[in-house]
Undergrad: 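Following this message is one structure expressed as structure tokens.
For the single chain, residues carry numbers from 1 onward in sequence order.
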Amino acid sequence: MALIPLNLFVAHDGRSSRQHVTCRYRCGDACSKPVPNTSDNEYFGEVLAAVSRRSALKTAGMAVLAVGAGSALAACSSSGSDTAATSSSAAPAEPPVPAGMNFTPVAPNSEDAVVIPDGYRQSVVISWGDPVLPGAPVFDVNRQSAAAQRQQFGFNNDFAGLLPIEGSNDRFLLVTNHEYTTEQFMHPGYDADNPTREQFEIGIAAHGLSVVEVQRTADGLRPVLGRYNRRITADTPFTIVGPAAGTDLLKTAADASGREVLGTVNNCSGGVTPWGTVLSGEENFNSYFGAPAGAPAPTGVTADRLKRYGVESEPTERKWETFDPRFDITKTPNELHRFGYVVELNPWDPASAPIKHTALGRFKHEAATIHVADDGTVVAYTGDDERFDYMYKFVSAKKIQPGNMAHNMTILDEGTLYVAKLSSDIPADQIDGSGALPAAGKFAGTGSWIPLLRSGPGGTAQSLVDGMSAEEVAVFTRFAGDKAGATKMDRPEDFEANPRSGKVYVALTNNSNRGADGKAGPDAANPRNDNKNGQVLEITDNHTGTDFTWELLLVCGDPEAADSYFGGFDKTKVSPISCPDNLAFDSHGNLWVSTDGNALDSNDGLFAVSLDGPSRGLTKQFLTVPLGAETCGPVITDDLVTVCVQHPGENDDNSIDDPLSRWPEGGNGTAKPSVVAVWRDGGSIGV
């Protein structure tokens, strides 16, 4: 099985199909609350208005715009919506289907099943409660225990990485994270107001990551109780490194060193590094920290810092603060500062302590993914998955050393952290919030990376933001981005660099607050008000430098709607797509997109998108996941596709006692988050 070496990653939007119960447990119901970013950073609309006032290029409804690296774009119809509907449909000949995308697309549906193309097969690889460690008991939903869960596959798998085991053609390490728990879909008779101590302990054990050896067979992938198998939980010891480590902001009574923290939570997506480790992002960590009802206001952390990170002095959904004081911000305020980082796990050493990298900043990391420049410099891209928050990259000071694991696991500790600022020459009056294409025929522009923090050996660091110390930039990175004037984006989630072209792609999932009263209006990169379907951004980056050009590849939605755009491709020949979340590439150079919160009345799914030539923008749905589920963590190889099926059956009107879904067991079975493999007997994917 040919693996893609860098095949590397959600919160919610009130207008998507995401259920409220999912929002409450996954992100602390973020989208029903005030937007944390109240900075007065100018947004594109202000920049575009200034450009429009100065522009000498405007004529009677027609323009030629210089975009990107100086290329001239021919002017199209002055009516953006007409352009969207007709610009690609006049192609004289049907473009060929790219290699890797030659399959019959799956139609939108609401089946309680994983639906795949004709001629393909599927199987469940592993599900919540399945054994990971030797001696793990057989899962019984009515007889759960924390001790058992520590040996079993955790809940709500999000990211998956498939790492070949050296010397074997059919053995791999499947590394997954377990983003969050939804207790009423785990425990029969669950009382949300009065969780038990054992349910709290089970929740701790169901978070984190799993490392499972798997074997390729004629029936997909089969778990093996191998020597690398491991469970990481919400109380596994982690080592903190980088400029925040050892500072007063991270010290607690239980850890006077400020360098060791128990556990990781809300791990959303991730990436596989070229040196064989796995990165995972601590995303909605804020929702795990609160205070019992009637508790006094916390001391030791300011109200603005709590507000900017979405933390409230009230009981949390899981009420972990009633069982462990480290989750009570009135008792252990600094514990909050020890979460929100990119973590790194060496799956080849089951005894090793995972690491939290503070040089990459602290915010709602969707993940971090790696691109290696020609000179060996490592560039890590990461997004802050919040409405109106920012895109970041980290450029290493060290070079990669093939085969030197000890050295390579320090690469993300020394280098410069940047935040993105985007601009465009498109006149302001052509960005009206409707999503109608501008006269140039596409949304495009330029951008720059603004430096925030320079980290050096041994945790030394220099702040590049006036008025903030180095440790403050590392711990309160959102404030640094505010001060730098970064561009407010529509929930930047997964970043992926194309192994073939080096272009970087970003999933911007949605933002129903775009253009709302008092909120940032539309701009060229976020061109729609009430953005319920999201978009995919394409960046041509000077990876180790500070300049880039950008273009919207997809403006997602119903192809029949005027506000959707598919790279200029004929919209009558594409699959509807909504709420892009995780990204991956196949060996042919196609982009694969998984979705979360489909706002088009269909189950979420996995899509292949052509990036080049006459088929650029062609989008085909490869699979859909069951009722209530989200498609996560795609891995695309030449002859196998795997996806994580997260929170099947989660619905506001249901619970484990009154289930919406019985997938994957069927019958009277329990809905379980699972990893699924899809393949084609005797053939390659999409060929």
Undergrad: Heavy atoms only: give me the nearest Leu174-Ile126 pair and the separation to one decimal.
TA: CD2-CG2, 4.2 Å
Undergrad: At their closest point, which heavy atom of Ile202 faces which heavy atom of Met186, and how far apart are they?
TA: CG2-CE, 4.2 Å
Undergrad: Sub-3.5 Å donor-acceptor pair from the side chain of Ser615 to the main-chain atoms of Leu618, do we have one?
TA: no
Undergrad: So does Phe585 get a backbone contact from the side chain of Glu496, meaning a donor-acceptor N/O pair under 3.5 Å?
TA: no
Undergrad: For side chain to side chain contact (heavy atoms under 4.5 Å, CB included), just list the numbers for Ser587 and Asp638, CA-CA rounded to whole Å, side-chain angles, deciding distance to a tenth of an Å, and then say yes or no.
TA: CA-CA 7 Å; Ser587 64; Asp638 285 345; 2.5 Å; yes
Undergrad: Hey, are Gln149 and Trp128 close enough side-chain-wise for a donor-acceptor pair under 3.5 Å?
TA: yes
Undergrad: Would you compute the distance between atom CD1 of Ile370 and atom CD1 of Ile400 and round it to the nearest 0.5 angstrom?
TA: 8.5 Å
Undergrad: I need the full list of side-chain hydrogen bond (donor to acceptor under 3.5 Å, both in side chains) pairs touching residues 618-627, with sequence neighbours left out, sorted by first then second residue.
TA: Asn109-Thr624
Undergrad: Compute whether any side-chain donor of one residue and acceptor of the other, for Asp170 and Ser168, lie under 3.5 angstrom apart.
TA: yes
Undergrad: So does Arg338 get a backbone contact from the side chain of Arg362, meaning a donor-acceptor N/O pair under 3.5 Å?
TA: no
Undergrad: Distance check, rounded to the nearest 0.5 Å: Asp385 atom CG versus Thr509 atom OG1?
TA: 6.0 Å
Undergrad: How about Glu538 and Tyr505: does a side-chain donor come under 3.5 Å of a side-chain acceptor?
TA: yes
Undergrad: Less than 4.5 Å apart, any side-chain heavy atom of Thr477 and any of Leu417?
TA: yes
Undergrad: Do Asp413 and Thr410 get their side chains close enough for a donor-acceptor pair, meaning under 3.5 Å?
TA: no
Undergrad: Hey, is Asp581 close enough to Arg491 for a salt bridge, meaning N to O under 4.0 Å?
TA: no
Undergrad: Taking the cut-offs as 6.0 angstrom to the six-membered ring centre and 45 degrees off its axis, would you call Lys672 and Phe153 a cation-pi pair?
TA: no
Undergrad: Can you tell whether the side chains of Arg150 and Asp235 come within less than 4.0 Å, N to carboxylate O?
TA: yes
Undergrad: Looking just at side-chain N and O atoms, do Asp586 and Asn590 make a donor-acceptor pair shorter than 3.5 Å?
TA: yes
Undergrad: What distance separates Glu344 CD from Thr277 OG1, expressed to the nearest 0.5 Å?
TA: 3.5 Å
Undergrad: I'd like to know if the side chain of Thr631 pairs up with that of Asp604 as donor and acceptor (distance under 3.5 Å, no hydrogens or angles considered).
TA: no
Undergrad: Checking Thr369 side chain against Phe495 main chain: does a donor-acceptor pair fall under 3.5 Å?
TA: yes
Undergrad: About how many Å separate OG1 of Thr233 and NE2 of His178, when rounded to the nearest 0.5 Å?
TA: 10.5 Å
Undergrad: Closest heavy-atom contact between Pro347 and Leu163?
TA: CG-CD2, 4.0 Å
Undergrad: Before giving the answer on side chain to side chain contact (heavy atoms under 4.5 Å, CB included), spell out for Asp681 and Trp679 the whole-Å C-alpha distance, their side-chain angles and the decisive distance to 0.1 Å.
TA: CA-CA 7 Å; Asp681 285 340; Trp679 69 98; 3.1 Å; yes
Undergrad: For Phe394 and Tyr381, I'd like to know if the aromatic rings sit close, meaning centre-to-centre distance below 6.0 Å.
TA: no
Undergrad: Looking at Lys503 and Asp541, does any basic side-chain N land under 4.0 Å from a carboxylate oxygen?
TA: no
Undergrad: Any side-chain heavy-atom pair from Trp663 and Val645 closer than 4.5 angstrom?
TA: yes
Undergrad: Any side-chain donor paired with an acceptor under 3.5 Å for Asp158 and Gln646?
TA: yes
Undergrad: On a heavy-atom basis, which atom in Val212 and which in Pro223 lie closest, and how many Å separate them?
TA: CG1-CB, 4.1 Å
Undergrad: Could you please spell out the steps behind the salt bridge (charged side-chain N to carboxylate O under 4.0 Å, His left out) verdict for Glu414 and Lys399?
TA: CA-CA 10 Å; Glu414 298 180 29; Lys399 303 292 193 292; over 6 Å; no
Undergrad: I'd like to know if the side chain of Ser578 reaches the main chain of Asn598, judged simply by a donor and an acceptor atom lying under 3.5 Å from each other, with no hydrogens or angles considered.
TA: no
Undergrad: Please evaluate residues Met409 and Trp275 with respect to the criterion side chain to side chain contact (heavy atoms under 4.5 Å, CB included), reporting the C-alpha separation (whole Å), side-chain torsions for both, the decisive distance (0.1 Å), and the verdict.
TA: CA-CA 8 Å; Met409 285 194 69; Trp275 48 93; 4.3 Å; yes
Undergrad: Can you tell if the side chain of Phe159 reaches within under 4.5 Å of the side chain of Asn582, non-hydrogen atoms only?
TA: no
Undergrad: Kindly determine whether His371 and His543 satisfy ring pair (Phe, Tyr, Trp, His ring centres under 6.0 Å), including the steps that lead there.
TA: CA-CA 8 Å; His371 172 80; His543 297 289; 3.8 Å; yes
Undergrad: Ignoring hydrogens and geometry beyond distance, is a side-chain donor-acceptor pair present between Thr176 and Asn157 at under 3.5 Å?
TA: no
Undergrad: Of all heavy-atom pairs between Arg230 and Asp349, which one has the smallest distance, and what is that distance?
TA: NH1-O, 3.6 Å
Undergrad: If you round to the nearest 0.5 Å, how far is NE2 of His365 from CG of Leu279?
TA: 11.0 Å
Undergrad: With sequence neighbours left out, what residues match Ala671 under side-chain contact (heavy atoms from CB on, under 4.5 Å)?
TA: Pro648, Ser661
Undergrad: Between Lys364 and Glu282, does any side-chain N to carboxylate O distance fall below 4.0 Å?
TA: no
Undergrad: State yes or no: are the ring centers of His207 and Tyr288 separated by less than 6.0 Å?
TA: yes
Undergrad: State which residues pass ring pair (Phe, Tyr, Trp, His ring centres under 6.0 Å) with Tyr390; sequence neighbours excluded, sorted by chain then number.
TA: none
Undergrad: Say whether, by atom type as modelled, one donor and one acceptor occur between the side chain of Ser684 and the main chain of Val687 under 3.5 angstrom.
TA: no
Undergrad: Quick check against the 3.5 Å criterion: does Asn177 have a side-chain atom that pairs as donor or acceptor with the backbone of Glu179?
TA: no
Undergrad: Flag yes if more than 12 heavy atoms outside Asp374 fall under 6.0 Å of its CG atom; otherwise flag no.
TA: no
Undergrad: Take Phe566 and Val609, measure what side chain to side chain contact (heavy atoms under 4.5 Å, CB included) needs, and give me the verdict at the end.
TA: CA-CA 9 Å; Phe566 290 76; Val609 184; over 6 Å; no
Undergrad: Could you grab the distance from atom CD1 of Ile539 to atom CH2 of Trp449, nearest 0.5 Å is fine?
TA: 5.5 Å
Undergrad: Mind checking whether Tyr180 and His647 have parallel, tilted or perpendicular rings, split at 30° and 60°?
TA: tilted
Undergrad: Looking at Arg121 and Asp219, does any basic side-chain N land under 4.0 Å from a carboxylate oxygen?
TA: yes
Undergrad: Are the side chain of Arg500 and the backbone of His588 linked by a donor-acceptor contact shorter than 3.5 Å?
TA: yes
Undergrad: Are Val115 and Leu623 close enough that some pair of their side-chain heavy atoms sits under 4.5 Å apart?
TA: no
Undergrad: Run the ring pair (Phe, Tyr, Trp, His ring centres under 6.0 Å) check on Phe622 and Phe607 step by step: do they pass?
TA: CA-CA 5 Å; Phe622 182 76; Phe607 301 76; over 10 Å; no
Undergrad: Identify the two heavy atoms, one from Ala380 and one from Leu360, that lie closest to each other, and give their separation to 0.1 Å.
TA: CB-CD2, 4.2 Å
Undergrad: Donor-acceptor check, side chain of Asn408 to backbone of Gln401, threshold 3.5 angstrom: yes or no?
TA: yes
Undergrad: Would you check if there is a donor-acceptor pair between the side chains of Thr217 and Arg222 at a distance under 3.5 Å?
TA: no
Undergrad: So, Glu665 side chain and Thr670 main chain: donor-acceptor pair closer than 3.5 Å or not?
TA: yes
